[in-house]
Amino acid sequence: MQCKNCGAILDAQNDVCPNCGVRVNVDVDNSQENLNVQLVNDVPIEESPVQEPINIVPPVQNIGNISEDVAVFNNNYEQKKSKKGIVAFIVTLVILVVGLLGFTFYITRTPKMVFNGFVNKLFKEVESSMVDFDTMKGSLTLQTSLSTNDESSEILDIINDIFVSIDYEIDYTKKDALLGINTKYDNDKLLNLDVYLKDNKGYVLLEDLYDKYISVDVGDIDSLFETTDVKDSKTVFSEVRSAITKSLKNEYFTKSKEEITIDGKKVEVTKNILSLDKNGEAIAKDVLTYLNNSDKFVESFSNISKLEKNEIKSMIEEELKSLEGSNSSVQHKVSLSIYTKGLMNEVVGVELSYVEGDDEMLIRFIEESDNNFVFELSAEEKLKGKVKLTENADKTIIDFEMSDETVDNKIGLTITSYVDYGSKLSSVNVTNSVDVNELTEEDQTEIVTKLMENQVVQKLMEQIGGLSFGNEDDIYNDDDYYYEDDYYYDEDDYYYDDDYYYDEDDYYYEW
């Protein structure tokens, strides 16, 4: 009998194939019958001779080998799993250590680190705004908000009602520029004019007053269109930044804990102080020495300033000599401070202080929130104010407000600006312009007449004409003065005109 799985010859007593391990469930009689007789179309054929057993490689190993392989596989898997766990643990540990070091760096930053970080950020902000362009256009609007409690309040009200808008286009390649100046008074159109600059001439178009450009010689304006290579500008800024940060030393700084007001709340901050009266000379020497030895700075600054390299180095060396010969005795105190708060040492303010004897001047900027700043200027008087920056689509809005604590004076200013680079500019036709010296009397009369007929201009002139300057009544209505023709006399018969006063012998004196 043969194993149906592997073909091995089996004994009758075998229930399991000794070769492949497969259980044998075959009836011996039927098996023998199948070996002796085969039927083809129900016709018996002769019995095939029994062949020698053939050694066939079994497709399935015995159960014992399978168990061993499974055990080896499980062992290898556990080892790999263990190794992966160790790697994951090491990676996690490295991340934690790096994070802890970074966190420690921020919470233990020295004043020098704070200053260097602030300088780097400030310079990078300026450098990022440097772009390469041939054309630019934009707009600028201006609106004031002024108030006072003295007699000049009326004139301030008039100024507050005037709105100015300037649209500009500049082509640095063609060397021409166009300005559109629009004004309003009390929200009504006042006067608009266009100014076009080209080939050392200015062309002025007075809207609604004269239908032609009026040309005026303005002299050499090529300097207005001079540009500097962006790469050179960035190199100069980068080298100056490096010179400043490398010149600062730990011993120049001190720090203290203070409490300041931020957004109406008392906040404890760290004041990082750089003493300039003691260390300013050393810092200046180190900065100048670095720049003098920087070939990149000298070359780029030469390209920008149009000065020879040796001229630049001579200028720097002269400044170094002047510092060497300066008087080191200091009679005043000057310090630059940076305020930081929280574990992350977030910069929240900058202060410049100057003290000489009893005189003190202080300028302080504190950031209350993103792009909202308050400032304080203290000298003989104390001024406080706010600056708010708003990015609105492609426009930047600056709201500025300042007040005097000693007098109820307030200055408010809102500036809106927009700039676009590389855009196509407007074309201007000035072929039929009229030279200002060739304007006829009729032309001049036409301009003045239309201007005075403008109802908004009339309204503004009436407001200005009705202003009171305070002391006319005190001078001319006094009981001790009387008037005759163009002169007025006091009780001793001294008489006065607008510019002089005279004594009894007719000697005159200038006011």
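Positions are given from 1, in the same order as the sequence printed here.
In this structure, CG on Asp370 lies 12.0 Å from CD on Glu391, to the nearest 0.5 angstrom. The line from NZ of Lys175 to CG of Leu197 is 13.5 Å long, rounded to the nearest 0.5 Å. Here CD1 of Ile166 is found 9.5 Å from CG of Asn182. Values are rounded to the nearest 0.5 Å. Distance check: Ile304 CD1 to Leu307 CG gives 11.0 Å after rounding to the nearest 0.5 Å. Atom OG in Ser300 sits 9.0 Å away from atom NZ in Lys309 (nearest 0.5 Å). Taking CD from Glu446 and OG1 from Thr440, the interatomic distance works out to 8.5 Å, rounded to the nearest 0.5 Å.
At a cut-off of 3.5 Å, with distance as the only test, a side-chain donor of Ser275 or Asp277 sits close to an acceptor on the other residue. Thr141 and Ser165 form no side-chain donor-acceptor contact under 3.5 Å, judged by distance and modelled atom types alone. Using modelled atom types, one finds no donor on one side chain facing an acceptor on the other under 3.5 Å when comparing Asn116 with Thr245. Using a 3.5 Å distance cut-off with no hydrogens or angles, the side chains of Lys341 and Thr270 do not pair a donor with an acceptor.
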Step by step, would you call Ser256 with Ile273 a side-chain contact (heavy atoms from CB on, under 4.5 Å)?
CA-CA 8 Å; Ser256 63; Ile273 307 166; 4.2 Å; yes
May I have the step-by-step check of salt bridge (Lys or Arg N to Asp or Glu O under 4.0 Å) for Lys296 and Glu239, ending in yes or no?
CA-CA 8 Å; Lys296 291 193 296 183; Glu239 289 301 287; 3.7 Å; yes
Could you walk me through whether Glu356 and Lys333 pass side-chain contact (heavy atoms from CB on, under 4.5 Å), step by step?
CA-CA 6 Å; Glu356 184 172 7; Lys333 292 183 179 181; over 6 Å; no
Leu362/Leu352 under side-chain contact (heavy atoms from CB on, under 4.5 Å): CA gap, chis, key distance, verdict:
CA-CA 6 Å; Leu362 181 141; Leu352 177 64; over 6 Å; no
Show your reasoning for whether side-chain contact (heavy atoms from CB on, under 4.5 Å) applies to Ile162 and Lys184.
CA-CA 6 Å; Ile162 297 176; Lys184 293 181 179 180; over 6 Å; no
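Within 6.0 Å of NZ in Lys313 there are more than 12 heavy atoms belonging to other residues, nucleotides or ligands. For CD of Glu251, the number of neighbouring non-hydrogen atoms (other residues, nucleotides, ligands) closer than 6.0 Å is greater than 12. In this structure, Gln455 places its CD atom where only 12 or fewer heavy-atom neighbours from other residues, nucleotides or ligands lie under 6.0 Å away. The 12-atom threshold is exceeded at CE of Met130, counting heavy atoms of other residues, nucleotides or ligands nearer than 6.0 Å. The environment of NZ in Lys112 is crowded: more than 12 heavy-atom neighbours from other residues, nucleotides or ligands sit within 6.0 Å. No more than 12 heavy atoms of other residues, nucleotides or ligands lie within 6.0 Å of CD in Glu308, so this atom counts as exposed by the packing criterion. Surrounding NZ of Lys285 are more than 12 heavy atoms belonging to other residues, nucleotides or ligands, all under 6.0 Å away. Under a cut-off of 6.0 angstrom, the local environment of CG in Asn250 is crowded, with over 12 non-hydrogen atoms contributed by other residues, nucleotides or ligands.
The backbone N or O of Lys234 sits nowhere less than 3.5 Å from a side-chain atom of Ser238 that would complete a donor-acceptor pair. Under a 3.5 Å cut-off, the side chain of Ser369 and the backbone N or O of Asn372 do not form any donor-acceptor pair. Using modelled atom types, no side-chain atom of Asp186 and backbone atom of Asp188 make a donor-acceptor pair closer than 3.5 Å. Under a 3.5 Å cut-off, the side chain of Glu351 and the backbone N or O of Ile338 do not form any donor-acceptor pair. Between the side chain of Thr144 and the backbone N or O of Leu413 there is no donor-acceptor pair closer than 3.5 Å. Between the side chain of Asp171 and the main chain of Thr173, a donor-acceptor pair closer than 3.5 Å is present. Put simply, the side chain of Glu368 gets close to the backbone of Asp263: a donor and an acceptor are under 3.5 Å apart. Under the 3.5 Å distance criterion, the side-chain polar atoms of Ser294 are left unmatched by any main-chain donor or acceptor of Leu291. Looking only at distances, no side-chain donor or acceptor of Lys271 sits under 3.5 Å from a matching main-chain atom of Thr340.
Checked for salt-bridge contact, Glu127 and Arg241 meet the test: a charged N lies under 4.0 Å from a carboxylate O. Between Glu376 and Lys382 there is a salt bridge, since a side-chain N of the basic residue sits under 4.0 Å from a carboxylate O of the acidic one.
Nearest approach of Ala282 to Tyr252, heavy atoms of both residues: CB-OH, 3.6 Å. Taking every heavy atom of both residues into account, Lys410 and Ser403 meet most closely at CG-CB, 3.8 Å. Contact record, Leu323 with Ala284: CD1-CB, 3.8 Å, taken as the closest heavy-atom pair. Among all heavy-atom pairs drawn from Met136 and Leu425, the shortest one is O-CD2, 4.1 Å. Heavy atoms only, all atoms of each residue included: Ala243 and Tyr290 are closest at CB-CD2, 3.4 Å. Nearest heavy atom pair, residue Leu439 against residue Gln444, reads O-NE2, 3.4 Å.
Counting only heavy atoms from C-beta outward, the side chains of Leu205 and Leu193 never approach each other to under 4.5 Å. Within the 4.5 Å cutoff, side-chain heavy atoms of Glu169 are placed close to those of Ser426. Contact check for Lys246 versus Asp286: no side-chain heavy atoms found under the 4.5 Å cut-off. For the pair Leu274/Ile283, a side-chain contact is recorded, criterion being any heavy-atom separation below 4.5 Å from C-beta on. Annotation: side chain of Val347 is not in contact with side chain of Tyr339 (no heavy-atom distance under 4.5 Å). Counting only heavy atoms from C-beta outward, the side chains of Tyr203 and Val216 never approach each other to under 4.5 Å. Between Leu156 and Ser147, the closest side-chain pair of non-hydrogen atoms is not below 4.5 Å. Residues Thr414 and Ile398 form no side-chain contact, since every pair of their non-hydrogen atoms from C-beta on lies 4.5 Å or further apart.
Checking Asp420, Leu178, Asp167 one by one against Lys137, the side chain to side chain contact (heavy atoms under 4.5 Å, CB included) holds for a single residue, Asp420. Screening Leu209, Leu206, Leu460 for a side chain to side chain contact (heavy atoms under 4.5 Å, CB included) with Leu191, the sole residue that qualifies is Leu209. Lys189 pairs in a side chain to side chain donor-acceptor pair (under 3.5 Å) with only one of the listed residues (Asp208, Asn454, Thr183), which is Asp208. Between Phe253 and the choices Leu248, Asn272, Asn279, the side chain to side chain contact (heavy atoms under 4.5 Å, CB included) rule is met once, by Leu248.
The aromatic rings of Tyr172 and Phe133 stand perpendicular to each other, their planes meeting at an angle above 60°, with 30° marking the opposite boundary.
Aromatic ring centres of Phe365 and Phe375 lie closer together than 6.0 Å.
Partners of Ile411 according to the side chain to side chain contact (heavy atoms under 4.5 Å, CB included) rule, which considers only residues two or more places apart in sequence or in another chain, are Leu146, Phe400, Met402.
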